[in-house]
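For the single chain, residues carry numbers from 1 onward in sequence order. All heavy atoms count here, side chains included; hydrogens, waters and symmetry mates do not.
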Amino acid sequence: MHGPNWLGAVLFLGVQLRALWPVAAVEVHTSKEVDAVNGTNLRLKCTFSSSSPISQRLSVTWNFQPEDQSSHEPVFYYLKEPYKMTTGRFKERVTWDGNIQRNDVSIVIWNLQPSDNGTFTCQVKNPPDVDGTIGEVRLKVVQKVHFSEIHFLAVAIGSACVLMIIVVIVVIFCRHHRKKQQEKRTEVADTELTEKEKLKIREEKEATPLED
């Protein structure tokens with residue numbers, strides 16, 4: 001009678017200790033926020049760590065939730081091999097860019113659009129590690145600068161540079177011209193003074209015989 005009761009108590013204690021023992025989990029790491037230009041391609045990086053060896057049953061699930069907080073949409077799935085979406089906004093726009101052996105489960109999204117603004121989630125399950133964190137990346141797609149705006153900016157900067165060069169040349173020319181004019185006036189004044197002195201000396205010479 002005491003034997004079965006003792007065995008039951010041991011089993012019950014074992015169950016309680018197992019419940020209290022920390023369960024192995026997968027930790028997923030992603031960037032919190034990413035900005036990208038409309039029309040470009042973007043690599044969404046996602047890595048993971050697991051206390052268990054990489055399993056053949058490891059799975060990766062990428063989902064997307066738009067900014068309007070509507071329902072999640074599938075983006076990409078991996079189980080032994082990549083599976084692309086055949087429907088939805090990400091059809092033929094997502095490719096696998098990860099390496100399971102390096103704990104990398106990243107993907108590339110091609111031709112980003114403003115409608116891609118929202119939150120991407122990356123979930124990894126590596127049995128027996130099936131619980132853990134889910135990585136989140138908030139994507140913000142910004143409009144690219146149009147050629148006309150770039151052209152206008154380049155023309156404005158170029159015009160300002162040309163105008164500055166012209167102003168510098170004009171200032172240098174004016175200073176040079178002013179200096180030449182001043183030198184010419186000085187030369188003329190010196191010449192006139194010399195002529196006056198010569199004339200005075202001549203007059204003095206001519207006046208000297210008359211006094212004798």
Side-chain angles (χ1 to χ4, degrees), residues 6-145:
W6 176 81
L7 181 60
V10 171
L11 292 175
F12 177 77
L13 181 60
V15 171
Q16 296 300 318
L17 291 176
R18 185 178 179 182
L20 295 175
W21 194 264
V23 179
V26 178
E27 293 186 3
V28 179
H29 312 279
T30 57
S31 302
K32 299 301 180 183
E33 293 186 1
V34 177
D35 293 341
V37 178
N38 180 33
T40 61
N41 308 323
L42 175 66
R43 184 177 190 265
L44 290 180
K45 185 177 180 180
C46 180
T47 59
F48 70 94
S49 59
S50 175
S51 59
S52 300
I54 295 178
S55 169
Q56 292 295 325
R57 295 180 295 162
L58 182 142
S59 64
V60 181
T61 304
W62 279 90
N63 287 321
F64 171 72
Q65 185 176 29
E67 286 187 328
D68 58 8
Q69 300 297 318
S70 58
S71 59
H72 286 74
E73 302 178 20
V75 176
F76 189 85
Y77 184 71
Y78 178 97
L79 179 61
K80 295 184 179 181
E81 64 181 40
Y83 290 90
K84 298 180 181 180
M85 294 296 103
T86 56
T87 58
R89 75 176 72 196
F90 297 104
K91 178 183 178 181
E92 298 182 354
R93 291 181 54 214
V94 179
T95 54
W96 171 252
D97 197 43
N99 188 329
I100 297 297
Q101 300 305 320
R102 296 184 179 180
N103 293 18
D104 188 348
V105 292
S106 305
I107 59 174
V108 175
I109 300 179
W110 299 80
N111 189 24
L112 290 175
Q113 304 170 7
S115 59
D116 296 332
N117 285 326
T119 302
F120 289 82
T121 59
C122 175
Q123 184 178 18
V124 180
K125 293 184 178 182
N126 183 38
D129 295 353
V130 294
D131 297 321
T133 59
I134 298 178
E136 291 188 355
V137 183
R138 187 175 184 275
L139 174 62
K140 181 179 180 182
V141 180
V142 297
Q143 293 291 338
K144 61 182 178 181
V145 180

Could you list the donor-acceptor pairs under 3.5 angstrom formed between side-chain atoms of residues 25-37 and any protein atom two or more places apart in sequence or on another chain?
{"from": "Thr30", "atom 1": "OG1", "to": "Glu136", "atom 2": "N", "distance (Å)": "3.2"}
{"from": "Thr30", "atom 1": "OG1", "to": "Glu136", "atom 2": "O", "distance (Å)": "3.0"}

Check: residues 73-87 side-chain donor-acceptor pairs under 3.5 Å, at least two apart:
{"from": "Glu73", "atom 1": "OE1", "to": "Arg89", "atom 2": "NE", "distance (Å)": "2.9"}
{"from": "Glu73", "atom 1": "OE2", "to": "Arg89", "atom 2": "NH2", "distance (Å)": "2.8"}

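Listed for the Asn126 side chain is no donor-acceptor partner under 3.5 Å among the backbone atoms of Leu58. In this structure, the side chain of Asn41 engages the main chain of Asn111 through a donor-acceptor pair within 3.5 Å.
Considering only residues two or more places apart in sequence or on other chains, Glu67 meets the salt bridge (Lys or Arg N to Asp or Glu O under 4.0 Å) condition with Arg138. A search for side chain to side chain donor-acceptor pair (under 3.5 Å) contacts involving Thr121 returns nothing, not counting sequence neighbours.
Between the CG atom of Asp129 and the CD1 atom of Ile54 there is a distance of 11.5 Å, given to the nearest 0.5 Å. Distance check: Gln123 CD to Thr61 OG1 gives 5.5 Å after rounding to the nearest 0.5 Å. Atom CH2 of residue Trp62 and atom NE2 of residue His72 lie 12.5 Å apart, to the nearest 0.5 angstrom. Here the CZ atom belonging to Phe48 is positioned 5.5 Å from the CD1 atom belonging to Ile100, to the nearest 0.5 angstrom.
The disulfide bond (SG atoms under 2.5 Å apart) analysis of residues 26-131, with sequence neighbours excluded, yields the pairs Cys46-Cys122. For residues 91-100, the pairs satisfying side chain to side chain donor-acceptor pair (under 3.5 Å) are Arg43-Asp97, Arg93-Asp116, Thr95-Trp110, with sequence neighbours left out.
Closest approach of Pro66 and Ser71 over heavy atoms only: CD-O, 3.9 Å. In this structure, Ser106 and Asp104 approach most closely via the heavy-atom pair OG-OD1, 2.5 Å.
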(request) Take Phe120 and Ile107 through the side chain to side chain contact (heavy atoms under 4.5 Å, CB included) test and state the conclusion after the steps. (result) CA-CA 11 Å; Phe120 289 82; Ile107 59 174; 5.5 Å; no

